[in-house]
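Chain naming here is simple, since letters A, B, ... match the order of the sequence lines and numbering starts at 1 in each.
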Number of protein chains: 4
Amino acid sequence: MSNRLRIGMVGYKFMGKAHSNAYRSLPMFFPNAPLQPEMSVICGRNEQGVQAAARQFGWTESVTNWRDLVKRNDIDLIDINAPSDAHKEIVVEAALHGKHLFCEKPLALSLADSRDMLQAVEEAGVRHMIGFNYRFSPAVQLAKQLVKSGRLGKIYHFRAFFLQDWVMDPSFPLVWRLQKEVAGSGSHGDLGAHLIDLARFLVGEFHEVIGMSETFIKQRPLALEMSGLSSKGSAEANAPMGEVTVDDATLFLARFAGGALGSFEATRFAAGHRSTNSFEINGSLGSVRFDFERMNELEVYFTQDEEDVQGFRRVLATDPAHKYSEAWWPAGHTIGFEHTFTHEMLEMLSAISEGRQPVPNFHDGVACQAVLEAVERSVEERRWVSIEEM
Amino acid sequence: MSNRLRIGMVGYKFMGKAHSNAYRSLPMFFPNAPLQPEMSVICGRNEQGVQAAARQFGWTESVTNWRDLVKRNDIDLIDINAPSDAHKEIVVEAALHGKHLFCEKPLALSLADSRDMLQAVEEAGVRHMIGFNYRFSPAVQLAKQLVKSGRLGKIYHFRAFFLQDWVMDPSFPLVWRLQKEVAGSGSHGDLGAHLIDLARFLVGEFHEVIGMSETFIKQRPLALEMSGLSSKGSAEANAPMGEVTVDDATLFLARFAGGALGSFEATRFAAGHRSTNSFEINGSLGSVRFDFERMNELEVYFTQDEEDVQGFRRVLATDPAHKYSEAWWPAGHTIGFEHTFTHEMLEMLSAISEGRQPVPNFHDGVACQAVLEAVERSVEERRWVSIEEM
Amino acid sequence: MSNRLRIGMVGYKFMGKAHSNAYRSLPMFFPNAPLQPEMSVICGRNEQGVQAAARQFGWTESVTNWRDLVKRNDIDLIDINAPSDAHKEIVVEAALHGKHLFCEKPLALSLADSRDMLQAVEEAGVRHMIGFNYRFSPAVQLAKQLVKSGRLGKIYHFRAFFLQDWVMDPSFPLVWRLQKEVAGSGSHGDLGAHLIDLARFLVGEFHEVIGMSETFIKQRPLALEMSGLSSKGSAEANAPMGEVTVDDATLFLARFAGGALGSFEATRFAAGHRSTNSFEINGSLGSVRFDFERMNELEVYFTQDEEDVQGFRRVLATDPAHKYSEAWWPAGHTIGFEHTFTHEMLEMLSAISEGRQPVPNFHDGVACQAVLEAVERSVEERRWVSIEEM
Amino acid sequence: MSNRLRIGMVGYKFMGKAHSNAYRSLPMFFPNAPLQPEMSVICGRNEQGVQAAARQFGWTESVTNWRDLVKRNDIDLIDINAPSDAHKEIVVEAALHGKHLFCEKPLALSLADSRDMLQAVEEAGVRHMIGFNYRFSPAVQLAKQLVKSGRLGKIYHFRAFFLQDWVMDPSFPLVWRLQKEVAGSGSHGDLGAHLIDLARFLVGEFHEVIGMSETFIKQRPLALEMSGLSSKGSAEANAPMGEVTVDDATLFLARFAGGALGSFEATRFAAGHRSTNSFEINGSLGSVRFDFERMNELEVYFTQDEEDVQGFRRVLATDPAHKYSEAWWPAGHTIGFEHTFTHEMLEMLSAISEGRQPVPNFHDGVACQAVLEAVERSVEERRWVSIEEM
């Protein structure tokens, strides 16, 4: 294998931009990575759109048919960030042609589909990764180290919120993320999925869940064009209305296999929260707190600190002691949202080079989907649902 | 009626001290209150203890038998802050003798008991109040004003936590607050009750709930003496062990009658949180956030603020525009925990003087108890429980 | 000596209320203090006003002539919180009659006067204290402990601000605090004096200073009545105008005798700051930060913390390990502005009982005045002024 | 002119990396910029080092002699981020050959030199820009808009700190930034220069200044290699010692031409502050606060807000209403340190394309240098120094 991994990417909107930027950053900030990405082909349905994206993001070639793309011999990995309803078909087909796979979350629209996808990549014997990028914030990595090394002791509580407010305006149009047949679910799959993955990463497997869900605004004007998300939507006046078929908010309680209690909330109706992806862990020896709006910071508390100076420390995870930090800037110089993707792609490339599966991979995608669906079932059937049952 | 209300108080520990201080502060800070308290009699089981308390807190007289106290003609109101298991008997007896009543929360150990108590005071035609003191923080009052006046719009979310860490050490002894037969419940009744009351105060009635509960440390050394709570407990080495019969943590989800979604967590196992009593409300026009550890502050967000300067405002509720503030100090000079009790007692005295029931009263105590018990039932039966069912 | 100290207090406005509250709180919260205050006589020029204050605050008697008061045999200590221009005369006269003295800051309108006052109390052999109440916040006491015990190492920096905004409105009237002949100075003596005292308390003596001063609003409507400060002033429309003769803001740089560098700012023109009394200390082993608007908190940083978890800790100074805290409420239950006065009076009573001078006393008042005047001279003469020169 | 500007960059360490990244990001995030950078040639003294940098950062060619570079016809602009003592010679020579210039701050080691440089670029008629990158944080741009549009009213106060702690360890070696002959000054020129520029950008010209300076650690071990800054330095044990010839901390007071008062502090001895570049502006109608460690946030206060909800708003400058934000990610998704350079280079390219001088340019460099030197003179001569005098 050369030290270049030739990538074919399907999708070119928000996530396509984020992934492209990650591929562009890698050689500069991680020049010693054992494998570097080659930005070979970008694929999208709209020819003009994908050509413009290719130019803007720096891809060598653009195509409009992913079925052709996944067959090409000059492509090693397919990166999928198309809308969620397209994930499965592309994964299965690409795996058949022996391509490694990176798939944005959620892996699929259903647990059954995600299991099929896992089976496909396993049968094909390819590498696979799923895009839970928040794991790759240096502050979240620090949280992981503190838990893993036992410095927080036995974990009692995990509470997490992903709060946004971009669809609160009732005149915000019915974009694809508000349609079940394309998006699978609303706040739950979009935001809650990230929380579930962080919980699994930091605290371990779920045992059982019970949730509730709501769609506060049930009808919205049809959008003329499906342009992804933006913080302030708009639609034509007097536009015809359509039904919102996903949840605006989903909350659930959980018990973890290890005995911890979990509380989760994902909502798009929390005024003032542009993107508060936040969690707190309480253990017998300490606690940590994270809020993505201040993603360079982790608040850390230790019960063993001297009695008169106990308190949450605001740790800026930009010191040499913090993972990834030396690749960037001196201590105190913060990084942004997009850097999580650079670290994510570094893991993918490192794993492929080292002959192991990247983490998180489709197993994590399936596990996350199992929790998502357990919550959905618990909402429908108004009862506790164990993950095992799924 | 003279402008003095003669008070007989049962209990003299943590809450007894807080109430005494409130009675002492009233004439100084609210000299124009239509009715002022007379600190007549303090009652406790331990003669030496209650005598010392009388001296220290400024009560005219101390007694050890509450049954005698509630019969005295020179007492107008009985203030009960004895352990929770004693509330009912005292209330019923005092009401029979025509005394007004102030009772600390939780009203009783069971919903049935609390209903009996409400019936008793209603049949007696006396005034009654319950001690949900957090309502009386100026910042909470501001939150109430914002909700009530519609400035937050339609309420979508209420999420609340009461996080403490004072019993985390497994060697912390088995004090009365850890024994079900005295305390009724643990974190749920002690901390969760406050959250439930704040939710009812701010968002309205509950519709249905589902919860989960845990006792992390199931056995603890027996305490030599029952000395209430303290942040760092200790017991004799090799002390005999006893079973903890209350919950260390209780979480629940809720739907409100008005359509809002609620998330609640009460725990004594959140390392680093000495007493984080915190809530956030998200409405269609704005949000507010409160944390009791910074009780003078309310964070406030409005969706209608100009586009380039939208953000949570840190409002210090010490301005003349804020309720109660002019009684205290100039703007920017904060008040503390104990002041909530002064405001609470002001409401009680004002209401009695004006011939109306104080708010919150035993109706609120019963309503809170109904939610508490609905949650407990939901925990036991692992299903959603509607408040109506109670 | 009995265990009661009979107090005669001169002044009954903002500070009179704060002191009265402190005297009322002491027996309740510090019942074991070796000496308790007797609220004997309150004195003010306006007979109706002082009578009302006596009733409201709980003084046994009210009088209007302080000259008579200081001669009385049934008074042990004179507490002065009248406007600053009256301090000297009262102190000198009271000392002559052998009274102990508590005097609000600033001690006098000039360094010369303050030295005369110190001489008077020293010649009389009485106890004396000055009202730098901020020293008595538990969080400030913690800062002191950390510095004193060497846990912050060698001190390099002290920077402090006292920011207010109550006179920003140009229509706010010309109250006494804006008139040099009564108040001595403006922001400098009112706010800066507290910063200087905190610096001396925490870092040690000043070596030299240089400052600048400004009066932003030079004319204001005359006030009909001198009603002290309030956050939102007002005067009659078309009221005649008078000249503001004090500084609205004074800033200065300082070198401390121990080698640290200091930066100070006192202003009444910092919009949004109701009363931000804030300092930060940087030493070779750590740093601390304090902001009076969050007076229960001290932020603490140690350079020796483990490499991956270095950060400012938010310490809530309500734990048993924190001075004064056990007298109040359980950990996590905060106290307010007024409590600093209770602790201050406790020091005064303890010192008198133990036969020593309270701290801070008139020596500290003189030392503070020396720095205040050195700054003023440096402003006038546009040069560095050493404290020794004063 | 084609739509490519061919760049020759001198320097390849910290700032070289930051500039390279900016050039790489521009076509992707600002595809509609009228002019895009061509990363033509990178230049450095160490041949191996600069070759590696060329590969890592994506430059077409690397060279070791800047004198040859500035003569080449295939280069349009010279970007200088070599150590400060090399700036002048390169600028003068490059201007002679008609190259546009970007120069990192500080422009030169002396005011005289910086004036020569300005004269050189003006005589050559080329475009010139100086690297005050902090102006280009979206939050700082918002502050500028609020000041400029009058929404903060008349400005009374500007206070600013740049606090770091990377050289506090006495064993940290004597790197070039601690040597006057290379760096010009220490904290003053490195950190203070940024504060001065922000002050000029936001509040306007300085009128007069007075400062003080200190070198806390006067001798340090000689470094084996000059490796720029890092948060934790180290040197060989028993390394020979050398004298630190720059300031560890410089503070100064200022009066602005417009009447505002300024307070400035730059230090490398503030334990716990990795890189706190922070300012606050107080005006008659409002205030703003910025801290670079939370660079996406601006705190904003308005005196005209409704009376009961006045408070500093935490504005996350990632909304569409905020400058540059739409180029990046959805609202709530923050950016990092390096993005300020992308915006900076966008201004440079836009200005060149539009036929105007970029802002800030060498005039700003000279003006900043004048303030820096006025402060230095005020320190030496212990007196106020007016900027005019310089």
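For chain A, the nearby parts of D:Ala18 are the backbone and the side chain; heavy atoms of each come within less than 4.5 Å. Contacts between D:Ser20 and chain A at a heavy-atom distance below 4.5 Å involve backbone atoms as well as side-chain atoms. The part of D:Arg294 that comes within reach of chain A is its side chain, from C-beta onward, which places non-hydrogen atoms under 4.5 angstrom from that chain. In this structure, the portion of D:His339 lying under 4.5 Å from any heavy atom of chain A is its side chain and not its backbone. Of the atoms belonging to D:Asn21, heavy atoms from both backbone and side chain fall under 4.5 Å from chain A. Using a 4.5 Å cut-off between heavy atoms, A:Arg314 touches chain D through its side chain atoms alone. For A:Asn277, no part sits under 4.5 Å from any heavy atom of chain D, backbone or side chain.
Chain D forms more heavy-atom pairs under 4.5 Å with one residue of A:Glu326, A:Gln56, A:Glu293 than with any other, namely A:Gln56. The most heavy-atom pairs under 4.5 Å with chain A, out of D:Met295, D:Arg55, D:Glu338, come from D:Glu338.
A:Asp291 and A:Ser278 are not linked by any side-chain donor-acceptor pair at a separation below 3.5 angstrom, with hydrogens and angles left out of the test.
Taking the centre of each ring, A:Trp328 and A:His343 come in below the 6.0 Å mark. Ring centers of A:Tyr134 and A:Phe292: under 6.0 Å apart, within the cut-off. Ring pair A:Trp166/A:His273: centre-to-centre distance not below 6.0 Å.
With sequence neighbours excluded, the residues forming a ring-ring contact (aromatic ring centres under 6.0 Å, His included) with A:Phe290 are A:Phe279, listed by chain and number.
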Give the table of side-chain donor-acceptor pairs shorter than 3.5 Å for residues 26-39 of chain D, with sequence neighbours excluded, one pair per line with atom names and distance.
from, atom 1, to, atom 2, distance (Å)
D:Gln36, NE2, D:Phe30, O, 2.9

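A distance-only check finds a donor-acceptor pair linking the side chain of A:Thr318 to the backbone of A:Gly332 [under 3.5 Å].
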